[in-house]
Amino acid sequence: MNILVINAGSSSLKYQLYEISTETVLAKGRVERIGMDSSILTHEVDGQPEVKEVSEILDHTTAIKKVLDMLTHRKVGVLSNITDIKGVGHRVVHGGESFSESVLIDQQVKLEIRKLFDLAPLHNPAHMMGIAAVEANLPDVPQTVVFDTAFHQTMPKMTYMYAIPKVLYRKHKIRKYGFHGTSHDYVSKRAAEFLGRPLRELKLISCHIGNGASCTAIMDGKSFDTSMGMTPLEGLMMGTRSGDLDPAVVPFTINKEDLTLNEVNSMLNKHSGLLAVSGISSDMREVVEAMNEGDANAKLAFDMYAYRIRKYIGAYAAAMNGLDAIIFTAGVGENSDVLRKAICEQLTFFGVQLDEARNSVRSPEPRRITTDESKVEVLVVPTNEELLIARDTYTIVKELQRN
Ligand code: AMP
């Protein structure tokens with residue numbers, strides 16, 4: 001069965017087409033600069049040269065139409081007919097408290113996603129455009145949504161409530177939701193498989209360290225606590241986000257710098273983190289390069305970034321009263337042996353023994369980077385959010401076909 005996975009942003013859209021019985025990616029690609037006259041569609045099929053097409057794509061409906069044309073293209077396509085697509089899965093960032101698992105899209109689900117626009121103003125409206133665009137092009141194909149927040153709906157109240165007046169939770173649902181749930185869910189399952197132990201018996205800390213970054217404490221196979229909050233701004237230091245800081249910094253900065261609330265919000269989300277501290281880049285590769293050339297700001301940025309991850313690992317080991325394994329995943333977590341080393345070298349006191357040779361190996365497969373004697377295991381597990389979305393979509397479509 002072929003399942004199409006869509007991740008729609010406001011001016012871009014990524015896609016992957018899966019043959020789900022073998023979990024093979026038949027084709028993948030992206031449309032960038034939607035709404036502009038020179039939009040770019042990039043289409044990739046394993047073993048074939050990448051195809052790039054520049055044209056005017058003014059909206060998401062046209063973007064999906066172009067993607068479907070590409071997937072069924074005589075030369076570079078992989079399907080003979082679009083009716084070969086049996087389900088479409090969408091990534092949706094915010095599911096609020098309404099969704100604790102992936103669901104089939106119907107009118108009610110769309111209404112709920114719209115209600116959450118306030119909580120995810122940059123993401124949820126764009127996802128809805130993606131959903132409407134697929135509906136317009138493939139009206140008879142079942143669509144599902146897989147939420148970034150759903151995995152964290154198992155967090156106990158003690159971990160998700162903020163210590164502020166309760167009326168704010170009652171009226172506006174202000175609380176911690178957590179993000180990257182699809183990734184934390186996927187890598188924790190892969191880690192349990194790799195370790196050959198039942199997930200429900202493990203205490204894990206999953207570190208999704210990409211451009212955005214979050215740590216999750218996973219007990220009984222469930223999210224117990226996570227570092228991102230009501231929005232993805234809380235927690236770790238990230239590429240351009242500040243992560244944790246004293247909330248009093250916001251009114252203070254507004255007063256002292258004569259900035260608006262929106263300007264400070266934008267500063268904390270887009271102009272902080274690695275970028276601000278290093279003064280060089282939000283990309284860890286460039287920061288490490290500058291650090292190796294002796295740049296003091298790059299070194300400070302790297303040290304702060306690693307320190308904060310270590311602090312969360314320590315906090316979550318205490319929160320769970322134990323720890324079996326730490327998982328590193330996403331762009332930085334999977335690729336930066338330097339960062340993993342900086343973190344793990346300072347975790348020896350609770351039983352992490354890094355194996356430097358293992359740490360420097362690169363592989364698309366899950367792997368252990370600690371010694372065989374290490375009390376706590378550290379794993380690198382490449383994430384695959386699209387595969388989890390495709391699997392969930394398949395489960396829902398199969399159920400639908402059965403009824
Ligand atoms: P993601 O958000 O998971 O796609 O991760 C993207 C980030 O991964 C980029 O911004 C880079 O900072 C980082 N990255 C990718 N490759 C490497 C690498 N070899 N070393 C360090 N960081 C990397």
Side-chain angles (χ1 to χ4, degrees), residues 5 7-9 12-16 25 28-30 32 42 44 91 93 122-123 148 151 178-188 190 206-216 226-228 231-233 235-243 269-293 295 297-306 308-309 327-344 356 358-367 369 378-389:
V5 175
N7 184 353
S12 69
L13 185 152
K14 292 189 203 143
Y15 64 93
Q16 284 203 10
V25 178
K28 65 178 174 181
R30 60 190 181 277
E32 289 156 295
T42 312
E44 292 171 54
R91 171 186 179 232
V93 163
L122 296 180
H123 293 102
D148 267 17
F151 180 62
F179 298 88
H180 295 140
T182 316
S183 177
H184 291 299
D185 186 8
Y186 176 83
V187 297
S188 59
R190 284 291 274 159
S206 155
C207 307
H208 176 110
I209 316 292
N211 202 18
S214 67
C215 281
T216 298
T226 191
S227 60
M228 281 180 167
T231 76
L233 185 57
L236 301 174
M237 177 171 153
M238 309 180 210
T240 62
R241 295 188 195 122
S242 64
N269 276 289
K270 297 186 188 147
H271 307 287
S272 296
L274 270 185
L275 176 65
V277 182
S278 71
I280 293 168
S281 172
S282 61
D283 191 315
M284 182 54 89
R285 285 166 290 199
E286 291 176 29
V287 173
V288 169
E289 207 177 289
M291 176 174 78
N292 291 340
E293 284 163 8
D295 187 289
N297 292 326
K299 166 103 175 84
L300 175 64
F302 179 88
D303 288 347
M304 284 170 65
Y305 192 92
R308 288 183 175 207
I309 297 171
I327 306 162
F328 284 104
T329 193
V332 185
E334 288 169 33
N335 294 304
S336 183
D337 52 345
V338 187
L339 179 77
R340 293 193 303 258
K341 183 170 176 222
I343 296 166
C344 294
E356 291 213 24
R358 286 178 180 173
N359 186 38
S360 59
V361 171
R362 276 174 187 251
S363 157
E365 293 302 317
R367 60 195 186 278
I369 59 167
V378 182
L379 311 177
V380 177
V381 180
T383 194
N384 196 340
E385 291 160 279
E386 291 78 13
L387 177 57
L388 200 133
I389 295 172

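Order of listing sets the numbers, starting from 1, for every ligand and every atom in it.
- Using a 4.0 angstrom heavy-atom cutoff, Arg362 counts as in contact with ligand 1.
- Here's the thing with Gly331: one of its N/O atoms is less than 3.5 angstrom from an N/O atom of ligand 1.
- Using a 4.5 Å heavy-atom threshold, the side chains of Thr42 and Glu32 count as touching.
- Among all heavy-atom pairs drawn from Ala330 and Gly210, the shortest one is CB-N, 3.8 Å.
- Distance alone, capped at 3.5 Å, places no donor-acceptor pair between the Ser336 side chain and the Val332 backbone.
- Here the protein heavy atom with the shortest distance to atom 20 (N) of ligand 1 is Arg285 CG, 3.4 Å.
- The residues Glu365 and Arg190 are annotated as salt-bridged, a charged nitrogen and a carboxylate oxygen being separated by less than 4.0 angstrom.
- Among protein heavy atoms, the minimum distance from atom 11 (C) of ligand 1 is reached at Asp283 OD1, 3.3 Å.
- In terms of modelled atom types and a separation under 3.5 Å, the side chain of Thr240 and the main chain of Asn269 share a donor-acceptor contact.
- Between Asn211 and ligand 1, an N or O atom pair is found at a separation short of 3.5 Å.
- Distances between N or O atoms of Met284 and those of ligand 1 include at least one value under 3.5 Å.
- With no hydrogens or angles considered, a side-chain donor-acceptor pair links His184 and Ser214 at under 3.5 Å.
- The Ser336 neighbourhood of ligand 1 comprises atoms 21 (C), with distances under 4.0 Å to a heavy atom of that residue.
- Checking atom 4 (O) of ligand 1 against the protein gives no heavy-atom contact under 4.0 Å.
- Take Glu356 and apply the side-chain hydrogen bond (donor to acceptor under 3.5 Å, both in side chains) test, not counting sequence neighbours, and it matches no residue.
- Nearest protein neighbour of atom 13 (C) of ligand 1, counting heavy atoms only, is Val332 CG2, 3.5 Å.
- Residue contact check: Ala330 has heavy atoms under 4.0 Å from atoms 3 (O) of ligand 1.
- Tyr186 meets the ring pair (Phe, Tyr, Trp, His ring centres under 6.0 Å) test with no other residue; sequence neighbours excluded.
- Scanning all protein heavy atoms for the shortest distance to atom 19 (N) of ligand 1 gives Asn335 CB, 3.3 Å.
- Under a 4.0 Å criterion applied to the non-hydrogen atoms of Gly210, ligand 1 contributes the atoms 1 (P), 2 (O), 3 (O), 5 (O).
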